[in-house]
Engineer: 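Structure in structure tokens, see below.
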Number of protein chains: 4
Amino acid sequence: MLGEPEKRRAILHAAVRVFAEKGYHGCRIADVARQAGVAYGLVYHYFRNKEALLEKVFEEQWAIFLAAVRAIREGPGSSSERLAGVCRFAVDVLKTAPAAVRVLLLEMARTPNVVRAGHTRQTFEDALHLVAEMIADGQRAGEIRREIDPVVGAAGLLGALELSLTAMVLGTVPSGTEAEVERAKQQVVAFVLQGLRADR
Amino acid sequence: MLGEPEKRRAILHAAVRVFAEKGYHGCRIADVARQAGVAYGLVYHYFRNKEALLEKVFEEQWAIFLAAVRAIREGPGSSSERLAGVCRFAVDVLKTAPAAVRVLLLEMARTPNVVRAGHTRQTFEDALHLVAEMIADGQRAGEIRREIDPVVGAAGLLGALELSLTAMVLGTVPSGTEAEVERAKQQVVAFVLQGLRADR
Amino acid sequence: MLGEPEKRRAILHAAVRVFAEKGYHGCRIADVARQAGVAYGLVYHYFRNKEALLEKVFEEQWAIFLAAVRAIREGPGSSSERLAGVCRFAVDVLKTAPAAVRVLLLEMARTPNVVRAGHTRQTFEDALHLVAEMIADGQRAGEIRREIDPVVGAAGLLGALELSLTAMVLGTVPSGTEAEVERAKQQVVAFVLQGLRADR
Amino acid sequence: MLGEPEKRRAILHAAVRVFAEKGYHGCRIADVARQAGVAYGLVYHYFRNKEALLEKVFEEQWAIFLAAVRAIREGPGSSSERLAGVCRFAVDVLKTAPAAVRVLLLEMARTPNVVRAGHTRQTFEDALHLVAEMIADGQRAGEIRREIDPVVGAAGLLGALELSLTAMVLGTVPSGTEAEVERAKQQVVAFVLQGLRADR
DNA sequence: GATGAATGAGGCTTCATTCAT
DNA sequence: CATGAATGAAGCCTCATTCAT
């Protein structure tokens, strides 16, 4: 990645913004090129086609997310604190780079089947298993209930996170102020860690 | 809907299958018509355009899902049993009518702002608020923790459900046999109701 | 072919003219559509793509030529008279339908490799073997020298014919007047036949 | 041409191979450059554009062919022996440098009027007239039948030669072994000469 | 001389939509 | 109601050519 052409990077940045804005199918390569400030043809100099560009965008954004999750996993705190950290981080990213999150959330499931079977799907499963590992860590430490299958737990955590973020993106759950964001984080963490039921 | 032309119905059925298979953007009106066994001019006889067809598909599928959820809400059992019932029902539908679930999951609220501010989004929010009501019911009954915002809780529940179903569709979580499906249901219910944390 | 849509035919006719005028690579589908007086998209309603259209043009033109050659073969006269008839016919066609001949001569060899290996090549070999059969007929009748391999003889005949026609198309060999055409026919026949004829 | 840059030569060599392989329109400048092992900007350093490159390729290949034909014309033997020599030489070249022959055969004079009224066509007519001269020589010497128009005769000879070579390239006429090649030569010569020869 | 990034017009192809029958 | 031929705008992609280094 060192010495990566600056314009290639500009195209990827632009693609994130444009995909987020209009969706994969709603935008044209011309939009990406214009947004990036480069000539139309240059997009095809760096990427095989529109699909490959989307693929690359996914790859990079997920890589960033996964790297952060891995860092949290290696970091300090109990297992449940670390899992909470993942949720908090995700919400923070939503406020920092909403476009990136939108692409990840909105376009992930919408790419053609072929792609889904390819790299993107692999990346998705990587994320799932990484979180599953964190859950298994917690089970070994006795912090996480042993009856939960780590993979189902990971799907539950990420799914709850995703739809909560979507609700925030759509405005159904308020997230305008600092305080609202903080409250949303706590809610999600509470849901994931403790569930809905009151009694126990 | 009484006396609804048989071919109109055939087109809607076909649309569910085709959208599920290839996605909204990945299929052509011709695909729907072929699958339905009608001429494709006929699609335009019954539906204003492609978008309207998708809307109608959503509307019908959601109506079915919402009706079931409402029935569960009105039915017997404690609040947490009823919320569990929603989860169980969703997993059952996945096995009965996977195509319908795929369409709902993949094409749902996940379309960029501009395009679909319309009916679909409204329908999505209906579902969210219906579940939120169930949670509020539980809070009033003292069964559900009061700190949880019902809307965030609903988003968490549906999100966890959705990604778990997706994992089942993709095969990451096994759901081939009757027993596997039953186990998956229990896992999801446990996650949603009790969360991940062991100690309390 | 009965009940063949009139516009499909118009497109094929137009394609012959346009390919002849500008060559396969030099013309656009838009040119064909305009020449045919139909909408752009209709070309794609009837033909898979540009290549398939060319393929079809070849097929039809060759079919006409081959049918005529077969008729000549079945008709009266000695073998050498029939072979002469093929040459005369070809020159006549050049004057009647120069566009068709131009396409056959100029584009035959210029299509992408893939096609060449396909139907077009088959058609070419059909023509070669049909003429070879006529030569073999003549050998059995003692009219054509037995040392000549029929296939090489056919290649020689058709090649001589083709380049002579090309020379006429290009104007290097005059073919403006009735008399010039007649003289050219005699020349070609003389060249071809006296090379094949056994007696001397 | 002395001191001609080595890379310029590499580009020309590569162009012959690539044009032969995929045809003029079927290849990109990048293909030529890659085949030549140079950067593709360099092609534009040495040649004005793609068309000019093709022209140059023709010019060189024809120059070689024409030089050989001229040498044969100046050489020993009767007129018919010399014409036979031209045929034999052409077949030999096919085996030695099939790519060059393919380019000459496939891309030669066969381009629509407008595009290439230029050098290439002139070169083609040069060849035609050169062979026509050899025929006229033979007529003056009484070896070749006087009724044949030398230009038509030349077109016949070259056409017969071309299509026979094409048939060999395609494998319709066998030319794998030394003996098959020799037999093919004899056949072509017999076809061509006995059509031209006065005596019988 | 040599490189390859950058440009952008051109053209094929798709497909939602309309319309005559 | 039903059909499918007809339309044409939209957009992806290619690739010859230029240009800064």
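Proteins come first, then strands; the chains are lettered A, B, ... in the order of their sequence lines, and each starts at number 1. Just so it is clear, the values below take in all heavy atoms, side chains as well, and ignore hydrogens, waters and symmetry mates.
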Engineer: State, to 0.1 Å, how close A/L53 and A/L12 come at their nearest heavy-atom pair, and which atoms those are.
Structural biologist: CD1-CD2, 4.0 Å
Engineer: To the nearest angstrom, how far is D/L54 atom CG from F/dA16 atom P?
Structural biologist: 12 Å
Engineer: What's the CG-P distance between D/L53 and F/dC15, to the nearest Å?
Structural biologist: 16 Å
Engineer: How many whole angstroms separate atom NZ of C/K22 from atom C1' of E/dG10?
Structural biologist: 13 Å
Engineer: Separation of D/Y24 atom OH from F/dC15 atom C1', in whole Å?
Structural biologist: 12 Å
Engineer: What does F/dT21 pair with, Watson-Crick or G-U, if both distances are under 3.5 Å?
Structural biologist: E/dA2
Engineer: In whole angstroms, how far is the P atom of F/dT14 from the CZ atom of A/F47?
Structural biologist: 15 Å
Engineer: Tell me the interatomic distance from B/E6, atom CD, to F/dA2, atom C1', rounded to whole angstroms.
Structural biologist: 14 Å
Engineer: Taking only side-chain nitrogens and oxygens of B/H45, does any of them come within less than 4.0 Å of OP1 or OP2 of F/dA2?
Structural biologist: no
Engineer: Heavy atoms only, 4.0 Å cut-off, all strands: where does A/Y46 land among base, sugar-phosphate and nothing?
Structural biologist: sugar-phosphate
Engineer: Considering every strand and a 4.0 Å limit on heavy-atom distances, what is the contact class for A/I29: base, sugar-phosphate, or nothing?
Structural biologist: sugar-phosphate
Engineer: Below 4.0 angstrom, N of the basic side chain to O of the carboxylate: do A/E6 and A/R9 qualify?
Structural biologist: no
Engineer: Starting at the 5' end of DNA chain E and moving along, which residue's nearest nucleotide shows up first, A/K7 or B/C27?
Structural biologist: A/K7
Engineer: If you only use heavy atoms from C-beta on, which nucleotide in F/dA9, E/dC15, E/dG1 is closest to the side chain of C/Y40?
Structural biologist: F/dA9
Engineer: For the pair made of CD in B/E51 and P in E/dC15, what is the distance, rounded to whole Å?
Structural biologist: 17 Å
Engineer: Nearest heavy atom decides the nucleotide; on that basis, is D/A39 or C/K50 closer to the 5' end of DNA chain E?
Structural biologist: D/A39
Engineer: Going from CZ on D/R34 to CZ on D/R28, what distance comes out if it is rounded to the nearest 0.5 angstrom?
Structural biologist: 6.0 Å
Engineer: The side chain of B/L42 lies closest to which of these nucleotides: F/dT3, F/dT17, E/dT3?
Structural biologist: F/dT3
Engineer: With nearest nucleotide decided by heavy atoms, which residue, B/G41 or A/R48, maps closer to the 5′ end of DNA chain F?
Structural biologist: B/G41
Engineer: Under a 3.5 Å cut-off for both distances, is E/dT14 Watson-Crick or wobble paired, and to whom?
Structural biologist: F/dA9
Engineer: Determine: side-chain N/O of C/Y44 to OP1/OP2 of E/dT14, distance under 4.0 Å, yes or no.
Structural biologist: no
Engineer: Expressed in angstrom and rounded to an integer, what is the separation of A/N49 atom CG from F/dG11 atom C1'?
Structural biologist: 13 Å
Engineer: Please confirm whether the backbone N or O of B/E51 pairs with a side-chain atom of B/Y24, one donor and one acceptor, at under 3.5 Å?
Structural biologist: yes
Engineer: Between A/C27 and A/V18, which heavy-atom pair has the shortest distance, and what is it?
Structural biologist: CB-CG1, 3.4 Å
